[in-house]
Asks: 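Below is one structure. I have some questions about it.
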Amino acid sequence: QVALVESGGGLVQAGGSLRLSCISSGRTFNTYAMAWFRQAPGKEREFVAAATWSGGRTDYADSVKGRFTISRDNAKNTVYLQMNSLKPEDTAVYYCAADYLGSGSASASRYDYWGQGTQVTVSS
């Protein structure tokens, strides 16, 4: 069983930055691909970014490419999402997710474990 806890959300002005963190309770963190998804009010959950178990390969949604960076520190059982040049349309609840032996898929159905989410609000 894996428990994921996100932190780092908050209120920021457009153009600002935030760094989200997600820490895993599992002992085998380095066997999971990790991803970030987000869900805005009235919208479906959408893929943001993913990283393979080593962090050697990453993938991003087109809407965040060049602004967001996913990284992971396996020694700390933590995955990060650095968000720069934030826009009001980035406002959402952000969730981290873990996919056992995964390849960093953009499909939410692939992920076995989910955190509770952290709210990110970007004001214009």
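Note that the structure is a prediction, hence the values are computed from the model and not measured. Start at 1 with the first residue, then count along the sequence.
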Asks: Sequence neighbours left out, what pairs pass ring pair (Phe, Tyr, Trp, His ring centres under 6.0 Å) with at least one residue falling in residues 56-108?
Replies: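 Qualifying pairs: Tyr32-Tyr100.
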Asks: Side-chain heavy atoms under 4.5 angstrom apart, residues restricted to Ile, Leu, Val, Met, Phe, Trp, Tyr: same cluster for Val2 and Leu81?
Replies: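 Yes, Val2 connects to Leu81 through the hydrophobic network.
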Asks: For the side chain of Ser85 and the backbone of Arg67, is there at least one donor-acceptor N/O pair under 3.5 Å apart?
Replies: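 Side chain of Ser85 to backbone of Arg67, a donor-acceptor pair under 3.5 Å: no, none is there.
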Asks: When the side chains of residues 115-124 are checked against the rest of the protein, which donor-acceptor pairs come out under 3.5 Å, sequence neighbours left out?
Replies:
{"unit_1": "Thr118", "atom_1": "OG1", "unit_2": "Gly9", "atom_2": "N", "d": "3.2"}
{"unit_1": "Gln119", "atom_1": "NE2", "unit_2": "Ala92", "atom_2": "O", "d": "3.4"}
{"unit_1": "Gln119", "atom_1": "NE2", "unit_2": "Thr121", "atom_2": "OG1", "d": "3.3"}

Asks: Could you list all the salt bridge (Lys or Arg N to Asp or Glu O under 4.0 Å) pairs where at least one residue sits in residues 97-124, not counting sequence neighbours?
Replies: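 Only Asp99-Arg110 qualify under salt bridge (Lys or Arg N to Asp or Glu O under 4.0 Å).
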Asks: Side-chain polar contacts of residues 47-56 - donor-acceptor pairs under 3.5 angstrom, sequence neighbours left out - could you list them?
Replies:
{"unit_1": "Thr52", "atom_1": "OG1", "unit_2": "Arg57", "atom_2": "N", "d": "3.2"}
{"unit_1": "Thr52", "atom_1": "OG1", "unit_2": "Arg57", "atom_2": "O", "d": "3.3"}
{"unit_1": "Ser54", "atom_1": "OG", "unit_2": "Gly56", "atom_2": "N", "d": "3.0"}

Asks: State, to 0.1 Å, how close Met34 and Leu4 come at their nearest heavy-atom pair, and which atoms those are.
Replies: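 Scanning both residues, the minimum pair turns out to be CE-CD2, 4.1 Å.
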Asks: Answer yes if Val93 and Tyr111 sit in the same cluster of Ile, Leu, Val, Met, Phe, Trp and Tyr residues linked by side chain heavy atoms under 4.5 Å apart, and no otherwise.
Replies: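 Linked, Val93 and Tyr111 end up in one cluster.
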Asks: Which residue pairs satisfy the side chain to side chain donor-acceptor pair (under 3.5 Å) criterion with at least one member in residues 12-24, sequence neighbours excluded?
Replies: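 Residue pairs passing side chain to side chain donor-acceptor pair (under 3.5 Å), neighbours aside: Ser17-Asn84.
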Asks: Does anything in residues 70-88 pair up under salt bridge (Lys or Arg N to Asp or Glu O under 4.0 Å), and if so which pairs, sequence neighbours excluded?
Replies: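 Counting only pairs at least two positions apart or across chains, no salt bridge (Lys or Arg N to Asp or Glu O under 4.0 Å) contact touches residues 70-88.
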Asks: Please determine whether side chain to side chain contact (heavy atoms under 4.5 Å, CB included) holds for the pair Leu20 and Met83, giving the CA-CA distance in whole Å, both sets of side-chain angles, and the decisive distance to 0.1 Å.
Replies: CA-CA 8 Å; Leu20 305 183; Met83 305 186 295; 3.8 Å; yes
Asks: Establish, from distance only, whether the side-chain atoms of Ser107 and Ser105 form a donor-acceptor pair under 3.5 Å.
Replies: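 There is no such pair between these side chains.
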Asks: Could you name each residue pair satisfying disulfide bond (SG atoms under 2.5 Å apart) that touches residues 8-124, not counting sequence neighbours?
Replies: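 The answer is Cys22-Cys96.
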Asks: Determine which pairs satisfy disulfide bond (SG atoms under 2.5 Å apart) with at least one residue from residues 42-86, sequence neighbours left out, and list them in order.
Replies: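 Qualifying pairs: none.
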Asks: Return the set of residues passing side chain to side chain donor-acceptor pair (under 3.5 Å) with Thr69 (not counting sequence neighbours), or none when no residue passes.
Replies: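 Here no residue qualifies.
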Asks: Salt bridge (Lys or Arg N to Asp or Glu O under 4.0 Å): which pairs involve residues 31-51, sequence neighbours left out?
Replies: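 Listed once each, the pairs are Arg38-Glu46, Arg38-Asp90.
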Asks: To the nearest 0.5 Å, what is the distance between CD1 (Ile23) and CG (Asn77)?
Replies: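 Reported value, rounded in 0.5 Å steps: 6.5 Å.
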